[in-house]
Structures are given as structure tokens and as C-alpha cells.
A.B. asks: 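One structure is given below, represented as C-alpha cells, and several questions about it will come after.
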Number of protein chains: 2
Amino acid sequence: MRVSQAEKEKSRSRIIESAARLLRERGVEAASVADVMSDAGLTHGGFYRHFDTKEAMVRAALDSAFNQMVDGLNPVDRSFAGEASPDVLSAFEQSYLSDAHVAAPGLGCPVAALAGDVGRAGEDVRETFAQGVRRIVAGMANQLSGSKAQRQARAWRQLAMMAGAVAIARASDPQTAAEVLDACRQPRS
Amino acid sequence: MRVSQAEKEKSRSRIIESAARLLRERGVEAASVADVMSDAGLTHGGFYRHFDTKEAMVRAALDSAFNQMVDGLNPVDRSFAGEASPDVLSAFEQSYLSDAHVAAPGLGCPVAALAGDVGRAGEDVRETFAQGVRRIVAGMANQLSGSKAQRQARAWRQLAMMAGAVAIARASDPQTAAEVLDACRQPRS
DNA sequence: CGATATGGATGACAGGTGTCATCTGAATAG
DNA sequence: CTATTCAGATGACACCTGTCATCCATATCG
């Protein structure tokens, strides 16, 4: 049942897409190779034609998830690349702290969904994760004013707070979730 | 090999203590019943004399871990209970954002270590988690000044930021970890 | 003291895991 | 047009999971 190279590339994309979603929904360990392949419309046996190991798939999926996140910070319709735009950042923050984001981890920020899991993963996976977080922070810092160090530090604090808040909201009951999200939507104290 | 009731109580305490540590170190799913029992010096078979299900053990372990955290916020040597004490809070924040905390998840804050996992757990576990987080936030708010709502909101923001920062630090390389921790140690922006 | 209750050990179970060897048939290379 | 390659399917493997039935020896009760 051989398939054309273009078809193989499509298969690989589907696998990564499925992995990126299932990892965020179920966690790194609970998203099994068989589940991912089944979700991509394939059987588990062909997996190792695409990746040497599950860890390699996790890294590719993390990269894809971070790319989606960074794209949300760099809207293509902005006229001047690199120009600070408070509206872009506040829109990002508002959507990050929304109920919709809390309810849909599979499409949301990998930091909020996977930081805990990745902390227990191998060094290569952590390296991939770190580069992804750096890209998000750089994108946020671009939208801030002040010295480069100030902008970067404020971006770190804001991302850490938002990711922590969404993780807490997902791990709590609806009332507690609403409290933490509301508190974090308020201007800094 | 029956054992006295006092001995059984000790066994139960050891199981909860081992579970609280292994859960934070390995995650909810990766910390198996057999591992916990072995760590407590028992074999896996006797587990169900202490807990109806693994989920019940997870809830007991979460409760124990949150108790340790709250104790750190309410030092017994303070003279006046309930009195606001900026030093207690800043000491808590400093130790929370320390390298030692990042390196020892098994003894650290369950929010930073387990929020992601608990978000995928059952409703009962999430309820236990939410009550624990609320206790920490209440303890932090006690040390702040301002209206009750202001204090609570600031405590939520501070805890979310710190938990997010430690989770990111654990999931990254040392340089990235140092950056996010440094940024979050700075006064609010 | 004797009878019973029960904490813990042993071992099994059904199901899931990552990984790989093998087969097959269609896409390529010559 | 034939020969080779190789993506994917099938199925197996050794191991680990939560749960439970069973047995044993001792703490507790009458």
C-alpha cells in the first residue's frame, strides 16, 4: 500500500496536527502513539516511518503548537512589522484569559496546557519548549514600550501570570476559575 | 500479618506522604499505585485496605501537599494571628521563586507541579485542588493591605504568576529558567 | 484463653503502552 | 515494462497499569 511522497507529507502533517491537539488535551503520556495515529486516520504500525520515537513526535507537535500561538501575536494584516501595537497585545491577553481558552486546551497555549508535563520530559523536549516560550515572549515584548530589558521582563511576568491563571482555572471548579481569571484581567497592581 | 490500628494509621500516613511527593515529582498518571506503596515500604496488594481507589489517594495526597504549603504562609512563631506582615509574604515569594523550589518539585507547591495534570482529572480531584488553592490565596491575601477584594485579587495575580514562572522554569533550559524567575522577582510593572 | 476480624503479601486479571518485524501492493527508478 | 523501493497494515513482544480474590498471621473481642 505504498503512497506518493506528496501523500506521505500530508500524512505527516495530519499526524503532527493530531498530536499537537491530543497532547494538549490529554497530556504527554496519556496521548498514546496509537491514539494519535488513529486520530490522523492511520494505524499505529506506520508511525515509525515518520518519527524515530514518540519523543520526536512530541517535539514536532510542540513546535507546531507554538507556531500557532506566535501567529496569533503577529497578525498578518498589520501594516508595519515590528511596530508596537497595544491593541494587538491587549487582544491577545483578553483572548488568553477567556473562558473559551480555558474550555479548549487542545487549541490553546501549550504553556498553560503542557508546562507541567514538559517539566518531567527529557532534555530535548524541554529545549524545544524553551525555544517556543522564548518566541512568545519576544512577540509580546515587541508590543510593549520601554527599554529592551524592561519590555522582556514585563512580557515574562505577563505570560507567567496568564499561563498560571489558565492552568489554575482548568484545575478548579467554575467559581474558582472565574475568580482567578477576573483577578488577572484587572490592570496590574 | 495483621497489624495494630496505630500501625495502620502510620502506614496510611506514610502512603499519603509518599503519594504527595511522587505525584509532584512524576505527575498524577506516572505515579503508580505500586510505586507509591513500594516507596512507603509496603507492597501494592494492601493498597485497597486504605483507599477505595487511586483517585481517593490522589485527593488525600493533594490535601496533604496543600497543608504543607499553607503552613509555610502561617509561621507558628508569629505573635498575632491574622496580622498583616509584609515580611512573611515577601519571604514566601522569594522562596517560591528560588532555584531550590524549581529543583525540588516533590517538596514544592502543588499548583506549580500539578495544575496541568489536575486539569485533566475528575471533578472530585479538581474540587480538592480548588479548595487548596483557595486556602493559599486566602493566606496570601491576609498579608496584604487594601480592601478585601483588592487583597484577594492581588493574591490571585501573584500566585498565578509565581506558579506559572516555576512551571515554565522546570520545563525549560537553565538560562530560560533564570530569565523567567528573575523577571518575576522584580517588583510589579 | 479461644474465636474472629482484618492489615498486609502474593499473585492474578484484562487492558493499555512503546516499539518493532513482517507483509503487501502501489509508487517510483531504470 | 520490469524491478525495486517503501508507506502503511497487521500483529506480536515485553512491560506496566488499576483493581481484586485469596491467603496468612496477628491484633482484638468475647
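Hydrogens, waters and symmetry mates play no part in the numbers below; they use all other heavy atoms, side chains included.
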A.B. asks: Would you say a side-chain N or O of B:Y48 is under 4.0 Å from OP1 or OP2 of D:dC20?
C.D. replies: no
A.B. asks: Could you check how far CZ of A:R12 sits from P of D:dC6, rounded to whole Å?
C.D. replies: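 Interatomic distance, CZ of A:R12 to P of D:dC6: 16 Å.
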A.B. asks: Quick one: does A:H44 reach the base of C:dG16 with a side-chain donor-acceptor pair under 3.5 Å?
C.D. replies: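 Answer no: no donor N or O sits under 3.5 Å from an acceptor.
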A.B. asks: Identify whether any heavy atom of A:S32 sits under 4.0 Å from a base atom; if not, whether one sits that close to sugar-phosphate; answer base, sugar-phosphate or nothing.
C.D. replies: sugar-phosphate
A.B. asks: Is it true that A:R120 and A:E29 make a salt bridge, defined as a side-chain N closer than 4.0 Å to a carboxylate O?
C.D. replies: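 Between A:E29 and A:R120 there is no salt bridge, as every charged N stays at least 4.0 Å from the carboxylate O atoms.
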A.B. asks: Starting at NE2 of B:H50 and ending at P of C:dT6, how long is that distance when rounded to a whole Å?
C.D. replies: 14 Å
A.B. asks: Looking at side-chain heavy atoms only, is the closest gap between B:L159 and B:Y96 below 4.5 Å?
C.D. replies: yes
A.B. asks: Output the rounded distance in Å from CZ (B:R14) to P (C:dG8).
C.D. replies: 8 Å
A.B. asks: Where do A:H101 and A:V166 come nearest, in terms of heavy atoms and distance?
C.D. replies: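 Closest heavy-atom pair between A:H101 and A:V166: ND1-CG2, 4.1 Å.
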A.B. asks: Taking CD from B:E7 and P from C:dG7, how many angstroms apart are they, rounded to a whole number?
C.D. replies: 13 Å
A.B. asks: So, does B:S11 get its side chain near the phosphate of C:dG8, meaning an N or O under 4.0 Å from OP1 or OP2?
C.D. replies: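 Checking B:S11 against C:dG8: at least one side-chain N or O falls below 4.0 Å of OP1 or OP2.
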A.B. asks: Of the nucleotides C:dG8, C:dT19, D:dG8, which has the atom closest to the B:K8 side chain?
C.D. replies: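 When the side chain of B:K8 is considered, C:dG8 is the closest of C:dG8, C:dT19, D:dG8.
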A.B. asks: Tell me whether the side-chain N/O atoms of B:T53 come closer than 4.0 Å to OP1 or OP2 in D:dT19.
C.D. replies: yes
A.B. asks: Is there side-chain contact between A:D182 and A:L97, with heavy atoms separated by less than 4.5 Å?
C.D. replies: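 They are not in contact (no side-chain heavy atoms under 4.5 Å apart), so the answer is no.
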A.B. asks: Quick one: A:D52 CG to D:dA7 C1', roughly how many Å, whole number?
C.D. replies: 15 Å
A.B. asks: Judged by each residue's nearest nucleotide on DNA chain D, which is more toward the 5′ side, B:G46 or B:Q5?
C.D. replies: B:G46
A.B. asks: Within this structure, what is the CZ-to-C1' distance between A:R49 and D:dT10, rounded to whole angstrom?
C.D. replies: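 The answer, rounded to whole Å, is 13 Å.
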A.B. asks: Expressed as a whole number of angstroms, how long is the span from A:M37:CE to D:dT10:P?
C.D. replies: 12 Å
A.B. asks: What pair of heavy atoms forms the shortest contact from A:I168 to A:S172, and how long is it?
C.D. replies: O-OG, 2.7 Å
A.B. asks: Whole-Å distance between C:dT17 P and A:D35 CG?
C.D. replies: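 After rounding, the reported distance stands at 5 Å.
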